[in-house]
Amino acid sequence: MPDAQGYFGEYGGSFIPPQLETIMTEIAAAYDECRNDPAFKVELARLYKHFVGRPSPIFHAENLSAKYGTDIYLKREDLNHTGAHKINHCLGEALLAKKMGKTKLIAETGAGQHGVALATAAALVGLECDIYMGEVDIRKEHPNVVRMRILGANVIPATHGRKTLKEAVDAAFEAYMKDPINQLYAIGSVVGPHPFPMMVRDFQSIIGNEAREQFQEMTGSLPGNLVACVGGGSNAMGLFTAFLEDEGVKIHGAEPAGRSLTEAGEHAATLTLGEPGVMHGFKSYMLKDEQGEPQEVYSVASGLDYPSVGPQHSHLKDIGRVNYGTVSDDEAIDAFFELSRLEGIIPAIESSHALAYALKLAKSGERGSILINLSGRGDKDIDFVVEQYGNQYGIDQLV
């Protein structure tokens, strides 16, 4: 999957303006050439090893395991250069853009991890870089904004709507439409028109390919459960893909329940409460308002507040291969501090959703091993967490 038109079952495809059809065909052809080019694969593998620091390790969280009565393991994508899984596909997209003769990379970002990773890749290969980011997220994720600017990227605020991730995508796509010839829109997740859901998944699949081999080497078996957070869904597809044919491995995606699942605009639980629809050039589950337009969404995790989801996730939900559940803001923040204080690892708030879901599995009686994709580190979140939640967890702000 997908088929030649970019469909995973009934989801995916390419719903784009006519003036972009030729460009998307060229991108698909260039990507097909690159993924079959030994020289491209050797260069990408070299960068993964010597620039990113792959393979990322698997860590047995013994303190968590003892407390919750289930063996809990972490795939440490937080240890990658730039601090998250996003660098995996950003390097691939940057090399593709260079091969196609593009002069600029353009993208959206929510939590800033994709923006930092793309700015890093652009600097490495010598391309300009424009990153669109919601004004709310610019304030919330200030450390990542500084990193992007240090790396030479232009950070451009999205100032309409809720001023978060969905609006950043809108702004980036509008800018891309003005010059699709010289720019490559390096989409930050397994979303968008074909070939991007396939392409980003393929670059991210290194996570699961490594994890499958590592876990068997560590334990002599496959994990009983996989857990990853799902916004657009790139880190999740990166882990899940290598295990989809293993029927004995249960797979779980954790969506953001935000402040309330019953109130529109207070969550981003697309697969849990959405329905099929088309936005940003592809068909997938999406959250709709009364007019059928994308619903306003919210999550404490800036990287998860998106009203749609990768089309392959929608297909996996429909065929029952992956179970998608939800985690509230409060559960995610509890998990953030739990991992920090029991294992000495400060996770991204996005990754904390996956951890919280895994802990709920353990508390419900699940005794099979659990492998969590710790998709990013929490450096970017610490100021926000202390400001909003510090008093609850015994942290006084230092002046």
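Given the structure is predicted, the values throughout are model-derived calculations rather than measurements.
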> Could you go step by step and tell me if L226 and V249 meet the side chain to side chain contact (heavy atoms under 4.5 Å, CB included) rule?
Replying inline: CA-CA 7 Å; L226 305 178; V249 179; 3.7 Å; yes
> By the rule that ILVMFWY residues connect when side-chain heavy atoms come within less than 4.5 angstrom, directly or transitively, which residues belong alongside L273?
Replying inline: L261, L287, V297
>> Quick check: do N88 and S234 have side-chain heavy atoms less than 4.5 Å from each other?
In response: no
> Is there a donor-acceptor contact under 3.5 Å linking the side chains of S284 and S314?
Replying inline: yes
> Yes or no on side chain to side chain donor-acceptor pair (under 3.5 Å) for N80 and R377, after CA distance, side-chain angles and deciding distance?
Replying inline: CA-CA 9 Å; N80 293 340; R377 60 177 174 249; over 6 Å; no
> Does the pair F337 and Y389 meet the rule for a ring-ring contact (aromatic ring centres under 6.0 Å, His included), with working shown?
Replying inline: CA-CA 10 Å; F337 281 98; Y389 299 96; 8.0 Å; no
>> Quick check on H60: does its NE2 atom have over 12 non-hydrogen neighbours (other residues, nucleotides or ligands) under 6.0 Å away?
In response: yes
> When you look at I23 and E26, which way does the side chain to side chain contact (heavy atoms under 4.5 Å, CB included) test go after all the steps?
Replying inline: CA-CA 5 Å; I23 295 294; E26 290 175 358; 3.9 Å; yes
> Has the side chain of Q291 got a donor or acceptor atom that lies under 3.5 Å from a matching backbone atom of E293?
Replying inline: no
> Any donor and acceptor pair, going by atom type alone, linking the side chain of D246 with main-chain N or O of G248 inside 3.5 Å?
Replying inline: no
> Rounded to the nearest 0.5 Å, how far apart are CD of E245 and CZ of R321?
Replying inline: 8.0 Å
>> Whether the Q204 and K86 side chains hold a donor-acceptor pair (N or O, under 3.5 Å, no angle test) is what I'd like checked.
In response: no
>> N373 vs E77, test: side chain to side chain donor-acceptor pair (under 3.5 Å). Steps then yes/no.
In response: CA-CA 7 Å; N373 194 12; E77 292 297 291; over 6 Å; no
> Are L95 and C34 close enough that some pair of their side-chain heavy atoms sits under 4.5 Å apart?
Replying inline: no
> Should the pair F173 and Y185 be assigned to parallel (<30°), tilted (30 to 60°) or perpendicular (>60°) ring geometry?
Replying inline: tilted
> Around atom CD of Q19, are there more than 12 heavy atoms of other residues, nucleotides or ligands at under 6.0 Å?
Replying inline: yes
> Cut-off 3.5 Å, side chains only: do N225 and Y73 have a donor facing an acceptor?
Replying inline: no
>> Using the rule given for side chain to side chain contact (heavy atoms under 4.5 Å, CB included), can you reason through E296 versus E266, listing the C-alpha separation, both sets of side-chain angles and the distance that settles it, and then say yes or no?
In response: CA-CA 8 Å; E296 290 189 342; E266 293 300 308; over 6 Å; no
> Going by side-chain heavy atoms closer than 4.5 Å, which hydrophobic residues are tied to I150, directly or by a chain of links?
Replying inline: V146
> What's the spacing between H50 NE2 and H81 NE2 if we round to 0.5 Å?
Replying inline: 14.5 Å
> Would you say K49 has more than 12 foreign heavy atoms packed within less than 6.0 Å of its NZ?
Replying inline: no
> Excluding sequence neighbours, so at least two apart, what forms side-chain hydrogen bond (donor to acceptor under 3.5 Å, both in side chains) with K102?
Replying inline: none
>> If you apply the rule side chain to side chain contact (heavy atoms under 4.5 Å, CB included), what do you find for E275 with K288, and how did you get there?
In response: CA-CA 8 Å; E275 59 185 86; K288 300 178 182 178; 3.6 Å; yes
>> Between K360 (side chain only) and T326 (backbone N and O only), is there a donor and an acceptor less than 3.5 Å apart?
In response: yes
>> For S328, is there any backbone N or O sitting under 3.5 Å from a side-chain donor or acceptor partner on E331?
In response: yes
>> Suppose we screen for salt bridge (Lys or Arg N to Asp or Glu O under 4.0 Å). Which residues come up paired with D37, at least two apart in sequence or across chains?
In response: K99
> Sub-3.5 Å donor-acceptor pair from the side chain of H114 to the main-chain atoms of G110, do we have one?
Replying inline: no
>> Between H142 and D383, do the side chains contain a donor N or O and an acceptor N or O under 3.5 Å apart?
In response: no
> So H160 and E167, side chain to side chain donor-acceptor pair (under 3.5 Å) or not? Walk me through it.
Replying inline: CA-CA 7 Å; H160 65 290; E167 289 74 26; 5.3 Å; no
>> Could you see if V42 belongs to whatever hydrophobic cluster contains I206? Use Ile, Leu, Val, Met, Phe, Trp, Tyr and a side-chain cutoff under 4.5 Å.
In response: no
May I have the list of side-chain donor-acceptor pairs in residues 124-136 shorter than 3.5 Å, sequence neighbours left out?
residue : atom : partner : partner atom : Å
D130    : OD1  : N154    : ND2          : 2.8
D130    : OD2  : K104    : NZ           : 3.0

>> Around atom CD of E10, are there more than 12 heavy atoms from other residues, nucleotides or ligands closer than 6.0 Å?
In response: yes
> Just checking, is any N or O donor in the side chain of S56 or R76 under 3.5 Å from an acceptor N or O on the other one?
Replying inline: no
> Rounded to the nearest 0.5 Å, how far does CG of L118 lie from CD of E93?
Replying inline: 7.0 Å
> Members other than I345 in its cluster, when Ile, Leu, Val, Met, Phe, Trp, Tyr link by side-chain heavy atoms under 4.5 Å?
Replying inline: F59, L64, Y68, I72, L74, V227, V327, L339, L342, L355, Y357, L359, L361, I370, I372, L374
> Do other residues, nucleotides or ligands put more than 12 heavy atoms under 6.0 Å from the CG atom of L151?
Replying inline: yes
> Does any donor atom in the side chain of H313 or Y324 lie under 3.5 Å from an acceptor atom in the other side chain?
Replying inline: yes
> Would you call V300 and D330 a side-chain contact if the rule is heavy atoms closer than 4.5 Å?
Replying inline: no
> Do T164 and D137 pass the side chain to side chain donor-acceptor pair (under 3.5 Å) test, and can you show the C-alpha distance, the side-chain angles, and the key distance before you say yes or no?
Replying inline: CA-CA 6 Å; T164 57; D137 294 333; 5.1 Å; no
> Can you tell me if E255 uses its side chain to pair, donor with acceptor, with the backbone of C229 under 3.5 Å?
Replying inline: no
> Atom NZ of K317 and atom CG of L271: how far apart are they, to the nearest 0.5 Å?
Replying inline: 6.0 Å
> With a cut-off of 6.0 Å (strictly less than), are more than 12 heavy atoms of other residues, nucleotides or ligands near CD of E21?
Replying inline: yes
>> Taking the side chain as everything from C-beta on, heavy atoms only, tell me whether P2 gets closer than 4.5 Å to Y7.
In response: no
>> A side-chain contact here means heavy atoms from C-beta on lying under 4.5 Å apart; do F40 and R35 qualify?
In response: no
> Between L371 and I58, is any pair of side-chain heavy atoms under 4.5 Å apart?
Replying inline: yes
> Q183 side chain to T103 main-chain N or O, any donor-acceptor pair under 3.5 Å?
Replying inline: no
> Out of E108, K166, H280, which one pairs with Y306 under the side chain to side chain donor-acceptor pair (under 3.5 Å) rule?
Replying inline: H280
> Counting only N and O atoms by type, is there a donor-acceptor contact under 3.5 Å from the side chain of D305 to the main-chain atoms of S299?
Replying inline: no
> Under 3.5 Å, side chain of S375 to main-chain N/O of H85, donor-acceptor pair present?
Replying inline: no
> Rounded to the nearest 0.5 Å, what separation is found between the CG atom of D381 and the OG atom of S352?
Replying inline: 7.5 Å
> Is a side-chain donor or acceptor of R162 paired with a backbone partner of G265 at a separation under 3.5 angstrom?
Replying inline: yes
>> Under 6.0 Å between ring centres: does that hold for F196 and F282?
In response: no
> With a distance cut-off below 6.0 Å to the six-membered ring centre and an angular limit of 45° from the axis, does R259 pair with Y298 as a cation-pi contact?
Replying inline: yes
>> How long is the straight-line distance from CE of M1 back to CZ of R201, given to the nearest 0.5 Å?
In response: 9.5 Å
